[in-house]
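See structure below.
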Amino acid sequence: MDESTSGRLDQVADVILRKADNHALAGRLGFRLSRVTAATGLGYQRYGPSLSIVAAGRKRTIIGDDDRAWGRERFIITPVDLPVVAAVVEAEEERGFLAARWQLSPILVAEVAAAMPGNGQPPVGMDRLGTWTQPLADAFARLISLLDEPEHMAFLGPLVAREVIVRLLQTDQAPRVLAAVADSDAVVPRAVALLTDRLDEPWTVDALAAEVRTSQPTLFRRFKDATSMTPMQYLKRLRLGEARHRMVVFGDSAAQAASAVGYRSASHFSRDYRHLYGETPAADAVRTRLQLRTWQEGRLPAAGLDGLTLGGA
């Protein structure tokens, strides 16, 4: 990473460090900021269309079969609602782990893309992780720095946000950014909405393709390009994450959670769950609830809550 890009990311880290607890302010610019003070276990979260970055430390992200640890040199574009499993694997001694997720506005992406030529389909073998460019880091740093000038957000925010999208569309992640554009005929967003809204149904790829009125090969290819998962891998990840949420937050038993999200076999659910999270459903739920209770009693720093339950921003 060149010195200029590194300097801009240091500026981003400084803003996150100071503003991570001000959720309302960050939300005005479409940001979710996270500071975690130590490594965490794997957690689950649903990401909407967004740009996710790490400014300090490293995280592990599992999206489909893509399981990697990464840090400030990379970023991830999430083009559609995506179930993500992640953990903080390294926190710096002084700053901890710092991350930001910026919501991609489909309307804004569409406006910018309409004025820019030459954005096509994903190249063969396109990496799930993007690499920072100096112009992108510069624009992103100026956008997040508006958190220090809230009086200028309303006017400057949309202008700088457009520049960030322009710079994203100049990277090899442009096809994933474009996949976030709202389109009533878009195959993947419609498929994602169906799987999310009707989670407990016995879906097959053929049935899903029929619902979105496309062929099975087309659905498979477009879904894989956008999410790095097949439709059935996506459904499994979604079901396991929602089941975990039900056990931890609502106190469901493993059997209740499995049934609620569409598993017909308790043993199948337990096997899939342990493969992803490394523990049985019951053991993982007990451990996570204990961590949350410890936080609520003030024995863990509040900044680490997202890391305990969700693996960071």
Side-chain angles (χ1 to χ4, degrees), residues 42-50 52 61-67 78-86 101 103 106 179-180 182-214 216 218-285 288-289 292 306 309-311:
L42 287 171
Y44 164 80
Q45 190 172 5
R46 296 262 292 279
Y47 284 16
S50 57
S52 298
T61 302
I62 306 174
I63 301 176
D65 295 327
D66 190 310
D67 181 352
T78 306
V80 294
D81 189 26
L82 199 65
V84 177
V85 175
R101 191 162 83 248
Q103 179 181 354
D183 182 352
S184 60
D185 294 326
V187 167
V188 176
R190 284 189 289 140
V192 165
L194 283 168
L195 294 177
T196 302
D197 294 341
R198 294 154 56 182
L199 184 62
D200 61 341
E201 293 190 15
W203 288 105
T204 64
V205 176
D206 286 342
L208 186 61
E211 286 275 2
V212 298
R213 299 180 182 178
T214 191
Q216 188 268 355
T218 297
L219 173 64
F220 193 94
R221 183 183 68 254
R222 293 188 182 180
F223 213 98
K224 188 79 170 178
D225 286 343
T227 70
S228 295
M229 289 181 268
T230 67
M232 294 302 100
Q233 285 176 324
Y234 181 98
L235 179 60
K236 179 189 290 187
R237 191 62 52 81
L238 189 63
R239 283 173 167 168
L240 291 173
E242 292 303 316
R244 188 177 198 250
H245 180 77
R246 294 183 70 92
M247 289 187 294
V248 172
V249 176
F250 302 131
D252 283 8
S253 68
Q256 289 172 326
S259 177
V261 300
Y263 270 90
R264 304 300 188 258
S265 165
S267 61
H268 187 190
F269 170 70
S270 183
R271 183 172 64 250
D272 285 350
Y273 195 100
R274 187 164 190 165
H275 178 74
L276 180 61
Y277 291 110
E279 292 183 277
T280 65
D284 179 57
T288 305
R289 282 196 295 266
L292 288 174
D306 280 354
T309 59
L310 308 172

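Everything numeric in this text was worked out from a predicted model, so none of it was measured.
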D284: partners by salt bridge (charged side-chain N to carboxylate O under 4.0 Å, His left out), with sequence neighbours left out: R244, R287
Step by step, would you call R190 with E211 a salt bridge (Lys or Arg N to Asp or Glu O under 4.0 Å)? CA-CA 9 Å; R190 284 189 289 140; E211 286 275 2; over 6 Å; no
Under the salt bridge (charged side-chain N to carboxylate O under 4.0 Å, His left out) test, residues paired with R274 that sit two or more places apart: none
Give the minimum heavy-atom separation between M247 and A285, together with the two atoms involved. CB-CB, 3.9 Å
Can you see which heavy atom on A257 is nearest to which on A243, and at what distance? CB-O, 3.7 Å
Using the side-chain contact (heavy atoms from CB on, under 4.5 Å) rule, pick out the option among I63, V188, L82 that qualifies with Y234. L82
With side chain to side chain contact (heavy atoms under 4.5 Å, CB included) as the test, would you mind laying out the steps for L276 and R237 before giving the verdict? CA-CA 9 Å; L276 180 61; R237 191 62 52 81; 3.6 Å; yes
Between H245 and F250, does a side chain to side chain contact (heavy atoms under 4.5 Å, CB included) hold up when you go through it step by step? CA-CA 7 Å; H245 180 77; F250 302 131; 3.9 Å; yes
Main-chain N/O of F223 paired with T227 side-chain donor or acceptor, under 3.5 Å: yes
With a 4.5 Å cut-off on side-chain heavy atoms, are T61 and D66 touching? no
Is it true that, when you exclude R264 itself, more than 12 heavy atoms of the residues, nucleotides or ligands shown sit nearer than 6.0 Å to its CZ? yes
Is a side-chain donor-acceptor pair under 3.5 Å present for Y44 with E242? yes
Report yes or no: do Y263 and D200 form a side-chain donor-acceptor pair below 3.5 Å? no
